[in-house]
Amino acid sequence: MKNQVSIILLAVFVTLSFACSKKQAEEIKPAGPTAVTTANVTYANFAGALFQTKCANCHGPNGALKTIWLFNGIASIKSDARVANSVLVTKTMPKGGTLTVSERELLQAWFDKGMPE
Ligand code: HEC
């Protein structure tokens with residue numbers, strides 16, 4: 001009886017471990033059938049989600065820093081050269097956060113291509 005309980009507990013533990021590690025391994029990558037690369041990166045498949053996740057907390061319409069730069073869509077990025085500068089050149093943004101190497105590469109490619117929608 002004690003053994004059966006142990007086996008059940010072990011099974012539950014293993015299942016939970018798998019579920020958790022899978023979630024933690026997820027990167028901020030766009031959903032969709034094709035992988036996003038520096039060749040096909042757009043606002044819709046990558047950049048929009050990145051700005052929403054990494055910047056909107058502070059710079060979104062309800063953010064405390066909206067007076068310095070208001071993020072409210074692609075136009076608010078296209079119209080302000082400080083955005084690319086702060087993320088890719090001075091790397092002062094996202095403040096208190098980080099971008100992975102691959103996120104930075106994709107973002108650089110997106111700016112280089114002229115910020116396609
Ligand atoms: C935790 C809050 C926070 C987050 C997240 C954040 N910022 Fe900022 N941002 C600030 C603060 C504070 C300033 C004011 C300048 C400073 O303190 O560096 C600022 C200033 C800026 C400026 C104007 C500064 C300049 O260079 O003239 C831009 C543009 C900017 N942020 C873009 C972004 C972008 C793009 C992201 C996401 C990749 C981002 N920020 C994420 C807090 C944040």
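Order of listing sets the numbers, starting from 1, for every ligand and every atom in it.
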Query raised in the report: Quick one: does H59's side chain have a donor or acceptor within less than 3.5 Å of a partner on W69's backbone?
Result: yes
Query raised in the report: Sub-3.5 Å donor-acceptor pair from the side chain of K66 to the main-chain atoms of A56, do we have one?
Result: no
Requested in this report: Report the nearest protein non-hydrogen atom to atom 14 (C) of ligand 1: residue, atom name, distance rounded to 0.1 Å.
Outcome: I68 CD1, 3.5 Å
Requested in this report: Verify, without hydrogens or angle tests, whether N45 (side chain) and T37 (backbone) share a donor-acceptor contact under 3.5 angstrom.
Outcome: no
**Report entry** Heteroatom test (N, O or S) for C55 near atom 8 (Fe) of ligand 1, limit 2.8 Å
**Finding:** no
Requested in this report: Specify the protein heavy atom at minimum distance from atom 2 (C) of ligand 1: its residue, its atom name, and the distance to 0.1 Å.
Outcome: C58 SG, 1.8 Å
Query raised in the report: By number and element, which atoms of ligand 1 are closer than 4.0 Å to a non-hydrogen atom of V87?
Result: 35 (C), 38 (C)
Report summary line: heavy-atom search around atom 15 (C) of ligand 1 in the protein gives M93 CE, 4.5 Å
Query raised in the report: How close do S76 and L70 get, heavy atom to heavy atom, and via which atoms?
Result: CB-O, 3.3 Å
Query - Subset of ligand 1 atoms that lie under 4.0 Å from at least one heavy atom of K54 - result: 5 (C), 37 (C), 41 (C)
Query raised in the report: Between R104 and V87, is there a donor-acceptor pair closer than 3.5 Å when you use the side chain of the first and the backbone of the second?
Result: yes
Query raised in the report: Identify the closest protein heavy atom to atom 16 (C) of ligand 1: which residue and atom is it, and at what distance?
Result: K95 NZ, 3.5 Å
Query - Test item, T92 contacting ligand 1 (heavy atom, 4.0 angstrom) - result: no
Requested in this report: Give the residue, atom name and distance (to 0.1 Å) of the protein heavy atom nearest atom 27 (O) of ligand 1.
Outcome: R82 CD, 3.5 Å
Query raised in the report: Who's the nearest protein heavy-atom neighbour of atom 31 (N) of ligand 1, and how far?
Result: H59 NE2, 2.9 Å
**Report entry** Step-by-step side chain to side chain contact (heavy atoms under 4.5 Å, CB included) determination, L50 to L99
**Finding:** CA-CA 9 Å; L50 184 129; L99 298 183; 4.1 Å; yes
Query - Top protein contact for atom 26 (O) of ligand 1, by heavy-atom distance - result: S86 CB, 4.1 Å
Query - Residue from V41, T42, V83, I77 passing side-chain contact (heavy atoms from CB on, under 4.5 Å) with M115 - result: I77
